[in-house]
Amino acid sequence: MSENGLDRGTMSGHTAEAVARARALVDEAARVVVLTGAGVSTDSGIPDFRGPNGVWTRNPAAEKRATLEHWMSDRQVRVERWQSMIDGHPNSLREPNPGHHAIVHLETRGKLDTLITQNVDGLHHAAGSDPSKVVEIHGNTREVNCLSCDDRAPMERLLERVRAGEDDPSCRSCGGILKTATISFGQALVASDLDRASEAARRADLLLAVGSTLSVYPIAGVVPVAKRSGAEVVIVNLEPTEMDELADVVVTASISAVLPSITGAA
């Protein structure tokens with residue numbers, strides 16, 4: 001282990017050098033904005049979507065089903081989804097991994113301005129991130145919301161209804177269709193969340209993108225926004241991303257292996 005916390009015996013010289021450069025930028029920064037994608041949670045047992053073995057890479061039909069249109073028009077889609085969840089909330093047994101904890105360490109150092117996540121798994125919250133600093137740009141699976149009146153309720157309350165025999169529970173306030181409080185294809189992002197993310201990118205002095213292919217817009221746009229505003233950009237991902245050319249440092253490696261060193265947690 002080196003003085004910078006890098007175990008050079010477990011990574012290539014090129015990767016170790018990139019990690020050291022990324023850590024130096026973090027150490028110099030005062031306002032770090034982190035953008036995370038599915039890759040930060042793969043070591044917690046949650047598959048990503050667009051990676052080589054991603055859910056949608058292996059099954060393109062699953063991506064087509066992840067649309068608001070399918071949810072609204074096909075009752076059977078809803079029945080199967082709720083039924084699959086009563087055997088165990090998909091993320092309830094998952095635990096944060098070293099990547100999540102490394103981001104919490106940025107916060108304890110007083111460097112984290114905002115954490116923007118594309119993930120809906122809640123693992124940043126479970127790791128101890130301050131909810132007031134987290135923007136869940138694609139929503140979350142902790143809640144359900146009504147697509148008619150926008151009423152919200154805890155997910156567990158809905159699952160109790162499914163266990164009691166309701167195969168497709170409707171909103172108790174207006175009778176509307178319920179859905180996990182996530183953003184599906186064809187569903188608008190929350191404008192206030194987009195505004196928070198954009199404002200954070202503009203004031204950042206370092207944008208750290210972790211575990212995202214940076215191909216999903218509009219949120220991937222925070223990277224060039226930060227760059228144009230004068231921020232350094234560090235990208236950490238297991239595979240190349242669509243914005244590697246914008247980055248000051250690109251670390252292509254296992255997130256759990258390198259992010260603790262980059263943030264100073266190791």
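Counting begins at 1 with the first residue of the sequence. Since we're looking at a predicted model, the values are computed, not measured.
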Determine, step by step, whether D151 and R172 satisfy the side-chain contact (heavy atoms from CB on, under 4.5 Å) criterion, reporting the C-alpha distance in whole Å, the side-chain angles of both residues, the deciding distance to 0.1 Å, and the verdict.
-> CA-CA 9 Å; D151 192 26; R172 284 179 167 165; over 6 Å; no

Is it the case that one hydrophobic cluster holds both L115 and V236, taking links as side-chain heavy atoms less than 4.5 Å apart, direct or via other members?
-> yes

Determine, using the 4.5 Å side-chain heavy-atom cutoff (strictly less than), whether I177 and V79 are members of one ILVMFWY cluster.
-> no

Determine, step by step, whether C149 and C171 satisfy the side-chain contact (heavy atoms from CB on, under 4.5 Å) criterion, reporting the C-alpha distance in whole Å, the side-chain angles of both residues, the deciding distance to 0.1 Å, and the verdict.
-> CA-CA 9 Å; C149 71; C171 177; 3.7 Å; yes

Among H105, H125, H124, find the one that has a ring pair (Phe, Tyr, Trp, His ring centres under 6.0 Å) with H100.
-> H124

Any chance CD of E69 has more than 12 other-residue heavy atoms, nucleotides or ligands included, within less than 6.0 Å?
-> no

Work out which heavy atom in E242 is nearest to a heavy atom in S215; give both atom names and the distance.
-> OE2-CB, 3.3 Å

In terms of hydrophobic clustering (I, L, V, M, F, W, Y; side-chain heavy atoms under 4.5 Å; direct or indirect links), are V19 and V40 co-clustered?
-> yes

What do the steps show when you test C146 against S173 for side-chain contact (heavy atoms from CB on, under 4.5 Å), and what is the final call?
-> CA-CA 9 Å; C146 175; S173 297; over 6 Å; no

Applying the 4.5 Å side-chain criterion to the ILVMFWY set and letting contacts propagate, would V210 and V249 be lumped into a single cluster?
-> yes

Please say which of R161, R75, R81 ends up in a salt bridge (charged side-chain N to carboxylate O under 4.0 Å, His left out) with D167.
-> R75

Is the side chain of K133 donor-acceptor paired with the backbone N or O of L112 at a distance under 3.5 Å, no angle test?
-> yes

Backbone of D168 reached by a side-chain donor or acceptor of R78 within 3.5 Å | no

If you group Ile, Leu, Val, Met, Phe, Trp and Tyr by side-chain heavy-atom gaps below 4.5 Å, do V135 and I183 land in one group?
-> yes

Please tabulate, for side-chain N and O atoms in residues 193-200, each donor-acceptor pair with protein atoms closer than 3.5 Å (sequence neighbours left out).
from	atom 1	to	atom 2	distance (Å)
R196	NH2	S132	O	3.0
S198	OG	L194	O	3.1

Does some side-chain heavy atom of L208 sit less than 4.5 Å from a side-chain heavy atom of L106?
-> yes

With sequence neighbours excluded, give me every salt bridge (Lys or Arg N to Asp or Glu O under 4.0 Å) pair touching residues 104-118.
-> D27-R109, D113-R203

Hey, mind stepping through T180 and V120 against side-chain contact (heavy atoms from CB on, under 4.5 Å) and telling me if it holds?
-> CA-CA 10 Å; T180 55; V120 299; over 6 Å; no

